[in-house]
Protein chains: 2
Amino acid sequence: MPYSNFASMPCTLSRPAALLGERWTLLLLRQIFLGTRRFEDFQATMDISRSVLTDRLNVLLQENVLKRVPYSEDGRTRHEYRLTEKGRDLYPVLMALRTWGEKWMAPDEEESFHLHHRDCGGGVRAKVECTGCGAELSARDVEVTARQ
Amino acid sequence: MPYSNFASMPCTLSRPAALLGERWTLLLLRQIFLGTRRFEDFQATMDISRSVLTDRLNVLLQENVLKRVPYSEDGRTRHEYRLTEKGRDLYPVLMALRTWGEKWMAPDEEESFHLHHRDCGGGVRAKVECTGCGAELSARDVEVTARQ
DNA sequence: GTAGCTGAGTTCGAAAATCGAACGCAAGGG
DNA sequence: CCCTTGCGTTCGATTTTCGAACTCAGCTAC
């Protein structure tokens, strides 16, 4: 099976993993969550090649993670890339990566940006929770019943 | 900046994103969390090319996400790939992908495997939480203070 | 009106990553 | 011995990515 076929696998983990597991896609989403919206700005801040950037943006548009929104500047109409609701819902994925990165890849390093809850100023952390009892879960607390 | 340089960026989100954003890596981790441990089994279930599989396993070994553990079978010593504590801590990342996949990529589809909390039988869900007040957070509840 | 600038891509040859198939190798079994 | 198994390595062909140049539309200045 080529990599691209995972995009159509009947598995709710494989398909997101294949989509976000393409080179640049996670880094592009990071940049978007940090507020970048325009082609030129992605290109400048990430130093990605323009053709690959075009491709990744188009994939995310097609998946309805991003939308192109027109706006005016100097009387000219341009477009910017913004998250859809589906895209905004990827926030836990990015935060899970960051929570992991803070714990395991930067023990005594300054964060390059700081996040806090608007309402109370608290920090931000991703976690896995039981929908039944509300307990926080680790891999070992969870049983897998495979169907394939 | 080439893609690989993100591996040394001083950002606790970029570096995990660059590591897990390599092709196959997320799918490989999925397979590991589902219990696959041996080279041949990865190769068979994912149909990844052997050389790339070798490379990805080595990267994850080097990052200390996986460890090679000897075991005996038929009196022969072999090795299997298992998660370290650092690796097990990636669980929220995978669960965040799955939570997203269930909501947005499979509205009326059977799950290909089922997960439940050993203790109470409940379902599993990833979320982002405020470390101050404990509220569940979405992207819009969080303020970013960039330092770069 | 025409020359230049700017944002947003497109094109294309070179370089890197991935693929698949064959090969290597060590340990056991027959 | 020769065969099998698990686990890789090697290598030539294909696919992706890279980087630099090119295009194009809509202003802005002259």
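Labels below follow one simple rule: chain letters A, B, ... track the order of the sequence lines, proteins then strands, and each chain is numbered from 1. When reading the values below, keep in mind they use all heavy atoms of this one structure, side chains included, and skip hydrogens, waters and symmetry mates.
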(request) Tell me, please, which residues at least two apart from Glu40(A) pass side-chain contact (heavy atoms from CB on, under 4.5 Å). (result) Arg50(A)
(message) With nearest nucleotide decided by heavy atoms, which residue, Asp41(A) or Arg23(A), maps closer to the 5′ end of DNA chain C?
(response) Asp41(A)
(request) Nearest whole angstrom, please: distance from the C1' of dT16(D) to the OH of Tyr3(A). (result) 13 Å
(request) Specify the separation, in whole Å, of atom CG of Leu61(B) and atom C1' of dG8(D). (result) 13 Å
(message) From OH of Tyr71(A) over to C1' of dG7(C), roughly how many Å is that when rounded to an integer?
(response) 8 Å
(message) Please classify the nucleic acid contact of Tyr81(A) as base, sugar-phosphate, or nothing, using heavy-atom distances under 4.0 Å.
(response) sugar-phosphate
(message) Test of understanding: with ring-ring contact (aromatic ring centres under 6.0 Å, His included), list the residues that count as partners of Phe33(B), not counting sequence neighbours.
(response) Tyr91(B)
(request) Specify the separation, in whole Å, of atom CD of Glu40(A) and atom C1' of dG9(C). (result) 9 Å
(request) May I have the distance from Glu80(A) (atom CD) to dA8(C) (atom C1'), rounded to whole angstrom? (result) 14 Å
(request) State which of dC19(C), dC7(D), dG9(C) makes the closest approach to the side chain of Trp24(B). (result) dC19(C)
(message) Between Arg82(B) and Glu80(B) (salt bridge meaning N to carboxylate O under 4.0 Å), is one present in this structure?
(response) yes
(request) Provide the full list of side-chain hydrogen bond (donor to acceptor under 3.5 Å, both in side chains) pairs with a residue in residues 56-71 of chain B, sequence neighbours left out, each pair given once. (result) Arg38(B)-Tyr71(B)
(message) For a quick test of reading the model: is some side-chain N or O of Arg68(A) closer than 4.0 Å to OP1 or OP2 of dG9(C)?
(response) yes
Below 3.5 Å, can you tabulate the donor-acceptor pairs from side chains in residues 134-142 of chain A to any protein atom, sequence neighbours excluded?
unit_1, atom_1, unit_2, atom_2, d
Glu136(A), OE1, Arg125(A), NH2, 3.3
Glu136(A), OE2, Arg125(A), NH1, 3.2
Ser138(A), OG, Arg140(A), N, 3.4
Ser138(A), OG, Asp141(A), OD2, 3.3
Asp141(A), OD2, Ser138(A), N, 2.9

(request) Assess the side chains of Arg30(A) and Ser14(B): does a donor N or O sit below 3.5 Å from an acceptor N or O? (result) yes
(request) Check DNA chain D against residues 48-58 of chain A and give the residues with a non-hydrogen atom under 4.0 Å, in numerical order. (result) Ser49(A), Arg50(A), Ser51(A), Val52(A), Arg56(A)
(request) Mind calculating the distance between NE2 (His79(A)) and C1' (dA8(C)) to the nearest angstrom? (result) 10 Å
Report, one line per pair, each donor and acceptor closer than 3.5 Å where one atom sits in a side chain of residues 20-27 of chain A; sequence neighbours left out.
unit_1, atom_1, unit_2, atom_2, d
Thr25(A), OG1, Glu22(A), O, 3.4

(request) Would you mind reading off the distance between Phe6(B) atom CZ and dC18(D) atom P, rounded to a whole angstrom? (result) 10 Å
(message) How many whole angstroms separate atom CZ of Phe39(B) from atom C1' of dC7(D)?
(response) 6 Å
